[in-house]
Amino acid sequence: MEPVKFAVLGLNQGAKIVRDALKHEEVELVAVAGFGQQAESFASELGLKRYEDYRLLLRQEQLDAVAIALPNGLHVEAVEEALAANIKHILLEKPIANTVEEAQHIIDICKEAGATLLIGHHRRNSPRYLFLRDLIASGRLGKIIGLQSSFAIAKPYAYFDVEWRIKKGGGPLLINAIHDFDDLNYLTGMKPVRVYAAARNSIRNNEVEDSVSVIVEYEGGATATYFISDGTPGPWSYDLAAEENLNYGFCTEENSLRIFGTEGSFGFPHMDLYYYDKDHYGWNEPLLKEHFDCEINDPMAAELDHFIDLCRGRETVPRCSGEDALDTLRVIKGIQKSAEIKQAVDL
Ligand SMILES: NC(=O)c1ccc[n+]([C@@H]2O[C@H](COP(=O)([O-])OP(=O)(O)OC[C@H]3O[C@@H](n4cnc5c(N)ncnc54)[C@H](O)[C@@H]3O)[C@@H](O)[C@H]2O)c1
């Protein structure tokens, strides 16, 4: 069978997709796009055909599939260009777009063109995460009444030298919190209906936030609290706790997410369920703990496997569709709005 002719646009986050693609036996990596010192040395180290302008790549190469790992503000135009080049399978990094309107536009034009669209919320490919999703769906935690999640992390100073990350359209809400809110949507299946948020930029005084507290209300009654900061040394984030992404210095002592149900509560990624025996219920009784051992994988590599399965038609439903990513984006946009107007926002 012919390999899937594939290109990767953007070579920072995209570099990880490139490395995974080179290991995938069904993929032919035709070319990559990126500019600057890092992109140049990465491509020459691996002997890759590189274009400085991704549009030129799309116009000159015959491709079946493309991964778009360009800055958030280029997602819409890159999808338009990819479709104009008749590419039928698109893996688009998160956030799907900077605005709800742009996200809807991406969904609509991919539908019209009959193109597959998979959004890079890669945690949806983690076995521990999927185990937790199944556990919640099984009812073992009872009715979910609350969630506590955090992304408290320190990014290196050089991270902020990249301009788009510190301007509107960047910032930790759109770049990082979007993963955590996708988790809450996907893991619980609950629909968020209202958000309240307070955002600050008091660490760096950039145009975008650096620390935010959020309360979310869900249909059915559950509530969530969430704190994010990208300027505090701490272990309470998925990336440091989950041991999945080798780019991070892991610190696995703490959970990044706690889920509270009427029958039990659960800490992720430690995978411990806390509950009482039916006949010995309540705070005077021994609190029981069950630990679940699950495989730890590389969810980004698994995401590419899934994408190639979609390209081949072996799978037909993207694990994160454009609509799923839009639902998550709506939460982030609501949080931004609430922080701006200092009032609750209905989603
Ligand atoms: N899934 C994840 O966990 C994850 C992690 C990091 C970033 N991301 C997403 O990936 C995307 C890229 O983020 P990043 O941190 O790698 O950004 P970055 O700014 O560090 O890198 C962007 C890359 O795109 C290239 N580029 C920019 N404009 C171009 C153009 N016109 N033509 C060709 N190349 C061009 C740059 O040279 C660079 O290689 C963003 O959407 C981000 O949200 C996802």
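In listed order, ligands and their atoms are each counted from 1.
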Without hydrogens or angle criteria, can the side chains of [X] and [Y] be said to hold a donor-acceptor pair below 3.5 Å?
{"X": "Glu80", "Y": "His105", "value": "yes"}
{"X": "Tyr226", "Y": "Asp180", "value": "yes"}
{"X": "Gln104", "Y": "Asp108", "value": "yes"}
{"X": "Asn176", "Y": "Lys94", "value": "no"}

Please could you name the atoms of ligand 1 that [X] approaches to less than 4.0 Å, counting only its heavy atoms?
{"X": "Gly120", "answer": "1 (N)"}
{"X": "Leu11", "answer": "23 (C), 38 (C), 39 (O)"}
{"X": "Val162", "answer": "19 (O)"}
{"X": "Pro95", "answer": "43 (O)"}
{"X": "Gly10", "answer": "23 (C), 24 (O), 25 (C), 39 (O)"}
{"X": "Pro71", "answer": "22 (C), 24 (O), 27 (C)"}
{"X": "Gly34", "answer": "33 (C), 34 (N), 37 (O)"}

Part of Leu74 with heavy atoms under 4.0 Å of ligand 1, whether side chain, backbone, both or neither
side chain
If you measure from each non-hydrogen atom of Arg55 to ligand 1, which part falls under 4.0 Å: side chain, backbone, both or neither?
neither
Between the side chains of [Y] and [X], is the shortest nitrogen-to-carboxylate-oxygen separation below 4.0 Å, so that they form an ion pair?
{"X": "Glu207", "Y": "Lys168", "value": "no"}
{"X": "Lys111", "Y": "Glu323", "value": "yes"}
{"X": "Asp183", "Y": "Arg124", "value": "no"}
{"X": "Glu209", "Y": "Arg204", "value": "no"}
{"X": "Arg140", "Y": "Glu290", "value": "yes"}
{"X": "Lys5", "Y": "Asp64", "value": "no"}
{"X": "Glu244", "Y": "Arg123", "value": "no"}

Mind checking whether Tyr129 and Tyr238 have parallel, tilted or perpendicular rings, split at 30° and 60°?
perpendicular
Give a yes/no on ligand 1: does [X] have at least one heavy atom closer than 4.0 angstrom to it?
{"X": "His75", "value": "yes"}
{"X": "Asn72", "value": "yes"}
{"X": "Trp164", "value": "yes"}
{"X": "Ala69", "value": "yes"}

With respect to [X], determine whether any N or O atom, backbone or side chain, lies less than 3.5 Å from an N or O atom of ligand 1.
{"X": "Arg165", "answer": "yes"}
{"X": "Asp53", "answer": "no"}
{"X": "Glu52", "answer": "yes"}
{"X": "Gly14", "answer": "no"}
{"X": "Met300", "answer": "no"}

Counting non-hydrogen protein atoms only, what is the nearest one to [atom]? Give residue, atom name and distance.
{"atom": "atom 32 (N) of ligand 1", "result": "Tyr54 N, 3.1 Å"}
{"atom": "atom 2 (C) of ligand 1", "result": "His179 NE2, 3.5 Å"}
{"atom": "atom 21 (O) of ligand 1", "result": "Asn12 CB, 3.5 Å"}
{"atom": "atom 26 (N) of ligand 1", "result": "Leu70 CD2, 3.6 Å"}
{"atom": "atom 29 (C) of ligand 1", "result": "Phe35 CE2, 3.4 Å"}
{"atom": "atom 6 (C) of ligand 1", "result": "Gln13 OE1, 3.5 Å"}
{"atom": "atom 9 (C) of ligand 1", "result": "Lys94 O, 3.6 Å"}
{"atom": "atom 44 (C) of ligand 1", "result": "Glu93 OE1, 3.2 Å"}

Could you check which of Glu163, Arg123, Gln37, His122 puts a non-hydrogen atom nearest to atom 3 (O) of ligand 1?
His122
Evaluate the salt bridge (charged side-chain N to carboxylate O under 4.0 Å, His left out) criterion for residues Asp293 and Arg128: first the C-alpha distance (whole Å), next the side-chain angles of each, then the deciding distance (0.1 Å), finally the verdict.
CA-CA 8 Å; Asp293 273 323; Arg128 280 181 299 178; over 6 Å; no
Mind checking the CD1-CG spacing from Ile96 to Asp327? Nearest 0.5 Å is all I need.
10.0 Å
Result for side chain to side chain contact (heavy atoms under 4.5 Å, CB included) between Arg194 and one of Asp346, Leu347, Val216 points to Asp346
Lys/Arg cation over aromatic Tyr159: Arg165, 6.0 Å, 45° cone:
yes
